[in-house]
Student: 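Can you keep this structure in mind? I'll have questions shortly.
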Amino acid sequence: MSTPSSKHYVFILMGVSGSGKSVVANRVAQQLQTAFLDGDFLHPRANILKMADGHPLDDKDRQPWLQAINDAAFAMQRTQAVSLIVCSSLKKSYRDILRKGNSNLKFIYLKGDFDTIESRLKARKGHFFKPSMLVTQFSTLEEPDAEETDVVAVDIRQSIDEVVSATVGAIKDAIH
C-alpha cells in the first residue's frame with residue numbers, strides 16, 4: 001500500500017563506498033533545510049556483529065536492513081517534503097526493496113569510476129582503506145539502466161561543490 005502525500009519525496013543517495021554519499025547528503029540537507037538518515041544506522045545487531053567479526057554480509061543478511069530503510073523512507077515521506085537517505089543500493093534487487101510501496105522515492109546515483117574513487121579513498125585522513133574492498137564494491141554494483149526511471153546519475157568527477165549543486169538541481173527537477 002502506498003499512501004504518501006504526492007508532494008513529499010525521499011531521495012536515496014546511492015553509489016559505491018567512497019563516492020561521497022554521506023558528505024553530499026549532509027551538504028544537500030543543509031542547503032534544503034531537511035533531514036537525512038545514514039542507512040547504515042539501521043543495520044540489525046546481527047549484521048553489525050557479523051561485520052565487526054570481519055565477515056561480509058550476504059543478501060539474506062541485507063533483507064531486514066533494506067526493509068528497515070524502506071520503512072524509514074515511508075515514515076520520512078509522511079513527515080518531510082524532501083528527505084534524504086544514504087544507502088549504497090548497489091544491486092537492482094536492493095533498489096526494488098527500497099522503492100516497494102514508496103511511490104515518491106527516487107535515487108541519486110553518485111557515479112564515479114574506479115580510479116577517481118580510489119584516489120579519494122587513499123586521500124582520506126585516518127581512513128582504513130583496502131583496494132580489494134573497492135574492487136568488491138564495483139563487482140557488486142549493478143548500475144541503474146534506462147528502465148529505472150527513478151534514478152538520476154550525478155558525475156562525481158567534479159568538485160564537491162559541483163556535485164552538491166548537481167544533486168540539489170536533480171532533486172528540485174524531480175519535485176517540480
Student: To the nearest 0.5 Å, tell me how far D113 CG sits from F138 CZ.
Tutor: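 Output value for this atom pair is 6.5 Å.
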Student: Identify the residue among N70, D150, D71 that makes a side-chain contact (heavy atoms from CB on, under 4.5 Å) with N102.
Tutor: N70
Student: Distance only, no hydrogens: is a donor on one side chain within 3.5 Å (strictly under) of an acceptor on the other, for Q137 and T140?
Tutor: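 No, because no side-chain N or O of Q137 sits under 3.5 Å from a partner of the opposite role on T140.
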Student: Quick check: does any side chain N or O of H176 sit under 3.5 Å from a backbone N or O of K172, one acting as donor and the other as acceptor?
Tutor: yes
Student: When you look at D96 and S93, which way does the side chain to side chain donor-acceptor pair (under 3.5 Å) test go after all the steps?
Tutor: CA-CA 5 Å; D96 288 344; S93 62; over 6 Å; no
Student: Just by distance, do the side chain of W65 and the backbone of G39 share a donor-acceptor pair under 3.5 Å?
Tutor: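 Here the side-chain-to-backbone pair exists.
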Student: Using side-chain contact (heavy atoms from CB on, under 4.5 Å) as the criterion, point out the one residue from I156, I160, D161, D155 that pairs with Q158.
Tutor: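 For Q158, the side-chain contact (heavy atoms from CB on, under 4.5 Å) test succeeds with only one of I156, I160, D161, D155, which is D155.
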Student: Taking only residues two or more places apart in sequence, or in another chain, which ones meet T34 in a side-chain hydrogen bond (donor to acceptor under 3.5 Å, both in side chains)?
Tutor: Q80
Student: When you group the ILVMFWY residues by side-chain heavy-atom contacts below 4.5 Å and let the links chain together, are M51 and I69 in the same group?
Tutor: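 No, separate clusters.
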Student: Has K21 got a side-chain atom pairing as donor or acceptor with V16's backbone, closer than 3.5 angstrom?
Tutor: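 Yes, the answer is positive, given that a donor and an acceptor are paired below the 3.5 Å cut-off.
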Student: Only counting residues at least two apart or in another chain, list the ones meeting salt bridge (Lys or Arg N to Asp or Glu O under 4.0 Å) with E142.
Tutor: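 Expected list: none.
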Student: Less than 4.0 Å between a side-chain N and a carboxylate O, is that true for E148 and K92?
Tutor: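 No salt bridge links K92 with E148.
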Student: Less than 4.0 Å between a side-chain N and a carboxylate O, is that true for E143 and K91?
Tutor: no
Student: Report the residues that fulfil side-chain contact (heavy atoms from CB on, under 4.5 Å) with D61, sequence neighbours left out, ordered by chain and then residue number.
Tutor: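 Partners of D61 by the side-chain contact (heavy atoms from CB on, under 4.5 Å) criterion, ordered by chain and then number, come out as N47, K50, L57, D58.
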Student: Run the side chain to side chain donor-acceptor pair (under 3.5 Å) test on Q63 and D59 for me, step by step, so that the C-alpha distance in whole Å, both residues' side-chain angles and the decisive distance to 0.1 Å come before the verdict.
Tutor: CA-CA 6 Å; Q63 284 293 118; D59 285 353; over 6 Å; no
Student: Kindly compute the distance separating CG (L42) from CG (L37), expressed to the nearest 0.5 Å.
Tutor: 5.0 Å
Student: Does a side-chain heavy-atom distance below 4.5 Å link I12 with I108?
Tutor: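 Not touching, per the 4.5 Å side-chain cut-off.
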